Amino acid sequence: AQSVTQPDIHITVSEGASLELRCNYSYGATPYLFWYVQSPGQGLQLLLKYFSGDTLVQGIKGFEAEFKRSQSSFNLRKPSVHWSDAAEYFCAVGARNDYKLSFGAGTTVTVRA
Amino acid sequence: DVKVTQSSRYLVKRTGEKVFLECVQDMDHENMFWYRQDPGLGLRLIYFSYDVKMKEKGDIPEGYSVSREKKERFSLILESTSTNQTSMYLCASTPPGQGSNQPQHFGDGTRLSIL
């Protein structure tokens with residue numbers, strides 16, 4: 001079964017600074033990988049996904065993520081953070097033969113002025 | 001846009017009560033999911049359904065059951081609530097695909113408190 005680790009529980013970043021959120025997964029084959037964002041009081045919204053092909057994927061809100069098979073990682077980045085990016089971010093992994101996703105514990109991002 | 005609607009945003013119940021959490025999606029999706037979200041644990045799958053009247057247990061089904069009588073509606077049932085079921089409950093849906101390659105669309109969640 002697949003699993004996900006998000007090593008950082010909480011990150012604080014200044015507005016305008018860059019952001020990187022880490023995600024490590026465990027799965028025997030090529031996984032399906034996702035990043036979701038949850039703003040306070042809301043459900044999860046898909047930021048981006050990776051299935052195959054180009055290992056650098058672009059998402060909404062200016063986010064990108066890079067799949068590195070050798071490191072079993074799928075880190076999320078944004079070059080310049082806006083105050084509206086304050087939220088909780090979840091990495092998730094899925095498989096070709098299963099409907100289910102496994103989610104990480106989440107990383108809370110605080111943006112300071 | 002896909003709309004996944006959960007019937008209640010906040011619920012407060014007493015231990016031992018029976019609780020129904022309702023979820024409706026408007027995009028004719030085959031697959032529907034119920035998760036609970038707890039701080040530090042992320043989302044954990046309770047049950048999912050891949051068709052009407054079909055269901056499968058997720059990772060933490062104990063204390064829960066589900067019902068899917070119509071394609072658009074997926075209900076989570078807590079037969080006799082306990083305080084450890086205080087949590088945020090999230091519903092999601094996806095169309096059919098190859099495994100989990102279809103992104104899940106989430107409702108806004110129901111925050112359930114059991115006193």
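In this text the structure is predicted, and so the values were computed from the model without any measurement. We name chains A, B, ... by the order of the sequence lines, and we start the count at 1 in each one.
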Expected list for residues 48-55 of chain B: side-chain donor-acceptor pairs under 3.5 angstrom, two or more places apart:
{"unit_1": "B/Ser49", "atom_1": "OG", "unit_2": "B/Asp51", "atom_2": "O", "d": "2.9"}
{"unit_1": "B/Ser49", "atom_1": "OG", "unit_2": "B/Met54", "atom_2": "O", "d": "2.5"}
{"unit_1": "B/Ser49", "atom_1": "OG", "unit_2": "B/Arg68", "atom_2": "NH1", "d": "3.0"}
{"unit_1": "B/Lys53", "atom_1": "NZ", "unit_2": "B/Glu69", "atom_2": "OE1", "d": "2.4"}

Output a table of donor-acceptor pairs, distance under 3.5 Å, between side-chain atoms of residues 57-66 of chain B and any protein atom two or more places apart or on a different chain; print 'none' if there are none.
{"unit_1": "B/Tyr64", "atom_1": "OH", "unit_2": "B/Arg36", "atom_2": "NH1", "d": "3.0"}
{"unit_1": "B/Tyr64", "atom_1": "OH", "unit_2": "B/Tyr89", "atom_2": "OH", "d": "2.7"}

Sequence neighbours excluded and cut-off under 3.5 Å, please list the side-chain donor-acceptor pairs for residues 108-115 of chain B, or say none.
{"unit_1": "B/Asp108", "atom_1": "OD1", "unit_2": "A/Gly43", "atom_2": "N", "d": "3.4"}
{"unit_1": "B/Thr110", "atom_1": "OG1", "unit_2": "B/Gln6", "atom_2": "NE2", "d": "3.4"}
{"unit_1": "B/Thr110", "atom_1": "OG1", "unit_2": "B/Ser8", "atom_2": "O", "d": "2.5"}

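When heavy atoms are compared at a cutoff of 4.5 Å, A/Glu88 approaches chain B solely by way of its side chain, counted from C-beta outward. Residue B/Leu41 touches chain A through its backbone alone, counting heavy-atom pairs closer than 4.5 Å. A/Gln38 touches chain B through its side chain: at least one heavy atom from C-beta onward sits under 4.5 Å away, while N, CA, C and O do not. At a 4.5 Å heavy-atom cutoff, B/Arg44 makes no contact with chain A through either its backbone or its side chain. Interface remark: A/Leu44 contributes backbone and side-chain atoms alike to the contact with chain B (heavy atom separation under 4.5 Å). If you measure heavy-atom distances from B/Glu56 to chain A, you find no contacts under 4.5 Å at all.
A salt bridge is absent between A/Lys61 and A/Asp85; no separation between the charged side-chain nitrogens and carboxylate oxygens falls under 4.0 Å.
Although no hydrogens or angles enter the test, the distance criterion places no donor-acceptor pair under 3.5 Å between the side chain of B/Asn31 and the main chain of B/Ser93. With hydrogens and angles ignored, the 3.5 Å screen pairs no side-chain donor or acceptor of A/Ser72 with any backbone N or O of A/Ser26. Of the possible donor and acceptor atoms, none in the side chain of A/Ser39 sits under 3.5 Å from a partner among the backbone N and O of A/Ala87.
Here CE of B/Met32 is found 11.0 Å from NZ of B/Lys71. Values are rounded to the nearest 0.5 Å.
Side-chain contact of B/Ser82 with B/Asn84: a donor-acceptor pair under 3.5 Å is present, judged by distance alone.
Annotation: residues 103-113 of chain A contacts chain B through A/Phe103, A/Gly104, A/Ala105 [non-hydrogen atoms, separation under 4.5 Å].
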